[in-house]
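Given the structure is predicted, the values throughout are model-derived calculations rather than measurements. Just so it is clear, the values below take in all heavy atoms, side chains as well, and ignore hydrogens, waters and symmetry mates. In what follows, residues are counted from 1 in the order of the sequence shown.
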Amino acid sequence: MSNEDKPAAAPRSLAEALRARDDASLSALLRARPDLITPVPTDLTQLATRAGTRASVVRALERLDRFTLQTAEALAVAPDPATYDELLGLMAGDDADRTVTKALPRALAALRDQALVWGSDDRLRLVRTARELLAPSPQHPSPTGLGPTVAEATAGMSPGRVQEILTAAGLPTTHDAVSAVASLGALFSDRTRMSALLDEAPADSLDVLSRLVWGPPYGQVTADPATRLRWLLDRGLLLPTAPGTVVLPREVALHLRAGLAHRSTEPLPPQVEIAATHRPPLVDATAAGQAYTALATVEELLKDWHEGGPAVLRAGGLSVRDLKRTAVALDVPEPTAAFWVELAYAAGLLASDGEAEERYAATPAYDEWLELPAAERWSRLATAWLAATRTAGLVGGRDAKERTLSALGPGLDRSAASEVRRRVLALLADLPEGASAAHASVLARLRWERPLRGTHPSPSPSSSPSSSDDLRTRLAEWTLSEAEQLGFTGRGALSSHGRALLGAPPAPAKPPAPSGPGDKLPVHHKHHDMPAEPTTSPLSPAERTAAAAEATRLLAPLLPAPLDHVLLQADLTAVAPGPLERPLADTLGVLADVESKGGATVYRFTPASVRRALDAGRAASDLHAFLAAHSRTPVPQPLAYLIDDVARKHGHLRIGAASAYVRCDDDTLLNEILADKRSAGLRLRRLAPTVLAAQADPATLLEGLRAMGFAPAAESAEGDVLITRAHAHRTPPRAAPEPVPDGPPVPDTTLLTAAVRAVRAGDLASTAPRKPTADPAGADGGLPRTSSAETLATMQAAVLTGEAVWIGYVNAEGTASQRVIAPIRVEGGFVTAYDHTADEVRTYPLHRVTGVAELADDQA
């Protein structure tokens, strides 16, 4: 029989199983488990070793869906190795559930692809570390609820006691404990004989078994057990594991479960239910309204911190008091305020200024952002939100050291946040256009896809997916809420601009309408029995740019166009029926106070607001002209009178530094000030008929006289009126915070190709058969050792014959490696050869070659 006709030998290790894979399969493994490629393994043996480390296996288990994880758990309680039929029996039970039978090959293939299972179908092996994590033990019961096998439970039992159990169970005694345990295990695994044994059991004994069958399998007994327990103990249906503790053997439990490893096997993902269906234009309009509100809120937040925001806490972040003040200023609840603050920070619009008395302020990027069209400003915010790992929902909670987590503070990054956010939105994108999802069904779907993520650092029954510590569920709930606030969704349905920014495919066809208003429609997936891997990978930079441009294009027509006018009213208010152009909004914000917001903004003119405009350098004539140019209604007479009255008094009094002084050409007005009892605190005295001196500083004097109803103006040392404008405080240029990666980055195709090539070449170098050599280093697998003359002669001979050789090489950094090369030319102290390890032609100095050995004839 030729080599080609010989059947492939069953792999004896994971390394051999990996060696039998093709390059595409190895690339898929490294893409699914990128931690295996950092750094690139030297050969397949090292790759297999790394794939079996605890940290790597835990990460791989966390990325399994529920059914695939259940398959791994079943293998952990199956014989090692197990056959496919044994695994199928544990998963589908004696009744051979057809859905499970159909889905099992996919789950097993996924475990093989992830290098968690290896071997042929008649010798399936779960990697040792995964078996240790998932197999039952008294400290960590199995998620299946099964206990130890008969052999494991009787390991410390006396041989005489084992023989007594055999006799009570109706089995013949044996000559040794090993065969006795095997005989008992065979009885418990035999469905017919086991049923006959249980038919003899008292009803209350069967009740005891029913309470232990689905786990936990351990129970407590007294020193003198009751009759119903004694019957079970005598026949080994319960076995003692410690004083006062008994366990239900695994074989007995499987018989009572009809062969099932799990009480409930879930081969199919839960369907995402449709809560309601809306017209797509209504969804887009609602989302656009929320997007406009989001932009206005972020602008208002940073305008409120225009001259320098709250102080930075010593430990970093925003104080609880400052967060409350921000929430009041934005007229939103505190958790919502924390979301807007964190969003502005994630987008790079907000940062700390780095001064000695550190405060938060807008960054220079904020000014650039303000100049962008509204739709583009929204896409910048939404893109930052999609990628951010800082989680505003954690604000107000406690960290591991019971310290309060504050907005903008440390400890808010959750590496899974971006992945969960994208996956939730991808599930919404799978719904028909205009359909919103039932939140409970979305959460159930996420728990099925990643049952171990966000629950516990290692697989354990204590990490229940429904526990309050399920971070993944909380991230999903926050995503649904934040997407609505941001305008990604409208009425719970994904908007067209949100879908574009996500890079999702077009919405599927609309399903039949529900028969009643409260009916919920399931989402029918293609190949529903073979769910695809969740598509949550972020877009490439080019794809992200294209997606943002498309989202901007779709959103722009839905946002209200800025207005260049207001409606002045006789009650000293102005109504802006929509968003105003920026110059108009800025000037009006100085001239009047915002009284109410909503679809229309109401501004109120007061003496203080008019004085504020005059302090900023505007003359009364400028204000009259401004209002006349931007009002669709005539300027009301009361407003004109208010401006003229404030302007008439403005600057009549002049205040400067003496410590401070007041000067006025009208000495009667100065007499009026001195006679006013409210000026006593300013400690004024007359220096000249038109000058008063004060003990207060100029700012205090200015505010004091304004509080008395006067309209003084500050002046410089040269006697000129000082124009006061708000000082825009900005931080130095700051980069937006980098998201915290969720493990090593997924390698691109170029890196995968190079890595697979390097691993293959390194494996060739380490496994290539060599001719027998007397050198002990070469014989035991170390680097070959030959003299310089022998090295040179062997290299020259290889050039003539065209054969490959095995060399030891030490590079300039002192790192030793072994390589398989095919020498092409030897001259000038260098050998030029095709290096199979690097898959390219390289030149090596001969003095760095430790030795050379010939390969076996079938590999040369």
Backbone of E543 reached by a side-chain donor or acceptor of S540 within 3.5 Å
yes
Step by step, would you call R106 with T68 a side-chain contact (heavy atoms from CB on, under 4.5 Å)?
CA-CA 8 Å; R106 174 195 64 83; T68 307; 3.8 Å; yes
Interatomic distance, CG@L116 vs OG1@T71, rounded to 0.5 Å, equals 11.5 Å
Going by heavy atoms in the side chains, are T336 and L330 under 4.5 Å from each other?
no
Identified side chain to side chain contact (heavy atoms under 4.5 Å, CB included) partner of W369 from the options T363, L302, V298
V298
Side-chain donor-acceptor contact under 3.5 Å, D284 with S495
no
Other residues, nucleotides, ligands: >12 heavy atoms within 6.0 Å of R257 CZ
yes
Taking side chain as C-beta onward, heavy atoms only, is L146 less than 4.5 Å from P217?
no
Do L349 and L343 come close enough that some side-chain heavy atom pair is under 4.5 Å?
no
Any chance the side chains of E73 and H262 put a donor and an acceptor closer than 3.5 Å?
yes
Qualifying residues under salt bridge (charged side-chain N to carboxylate O under 4.0 Å, His left out), relative to R263, sequence neighbours excluded:
none
Would you say that T326 contacts W305 through its side chain, given a criterion of any heavy-atom pair below 4.5 Å between the two side chains?
yes
Under 3.5 Å: donor-acceptor pair, side chain of R491, backbone of V283
no
Got a donor-acceptor contact below 3.5 angstrom from the R445 side chain to the Q271 backbone?
no
For S481, which residues count as a side-chain hydrogen bond (donor to acceptor under 3.5 Å, both in side chains) partner, sequence neighbours excluded?
Q485
Mind checking whether W385 and F488 have parallel, tilted or perpendicular rings, split at 30° and 60°?
tilted
Is there a donor-acceptor pair closer than 3.5 Å between any side-chain N or O of S56 and the backbone N or O of R54?
no
Would you tell me whether R544 and T383 have side-chain atoms, one donor and one acceptor, within less than 3.5 Å of each other?
no
Is there side-chain contact between F67 and M91, with at least one heavy-atom pair below 4.5 Å?
yes
Keeping H497 on the side-chain end and G487 on the backbone end, is there a donor-acceptor pair under 3.5 Å?
yes
Within the structure provided, determine whether L405 and V395 are in side-chain contact (heavy-atom separation under 4.5 Å).
no
Just wondering, more than 12 heavy atoms not from D331 lying within 6.0 Å of its CG?
no
Could you go step by step and tell me if E449 and R66 meet the salt bridge (charged side-chain N to carboxylate O under 4.0 Å, His left out) rule?
CA-CA 6 Å; E449 290 179 349; R66 188 179 300 282; over 6 Å; no
Check R499 with E433, please: is the shortest side-chain N to carboxylate O separation under 4.0 Å?
no
pair R33-V57: side-chain heavy atoms closer than 4.5 Å:
yes
Return yes if a side-chain donor-acceptor contact under 3.5 Å exists between Q290 and T293, otherwise no.
no
Do L386 and S418 make a side-chain contact, defined as non-hydrogen atoms from C-beta onward lying under 4.5 Å apart?
no
Taking only Lys NZ, Arg NE, NH1 and NH2, and the carboxylate oxygens of Asp or Glu, determine whether R553 and E550 approach each other closer than 4.0 Å.
yes
Sequence neighbours excluded, which residues qualify as side-chain contact (heavy atoms from CB on, under 4.5 Å) partners of D322?
P310, L318, S319, R325
Hey, mind stepping through R472 and E419 against salt bridge (charged side-chain N to carboxylate O under 4.0 Å, His left out) and telling me if it holds?
CA-CA 10 Å; R472 191 174 173 86; E419 179 210 345; 3.7 Å; yes
Carboxylate-amine/guanidinium proximity below 4.0 Å for D748 and R31:
no
E376 and T552 side chains, donor-acceptor separation under 3.5 Å:
no
Any side-chain donor-acceptor pair under 3.5 Å between T404 and R398?
yes
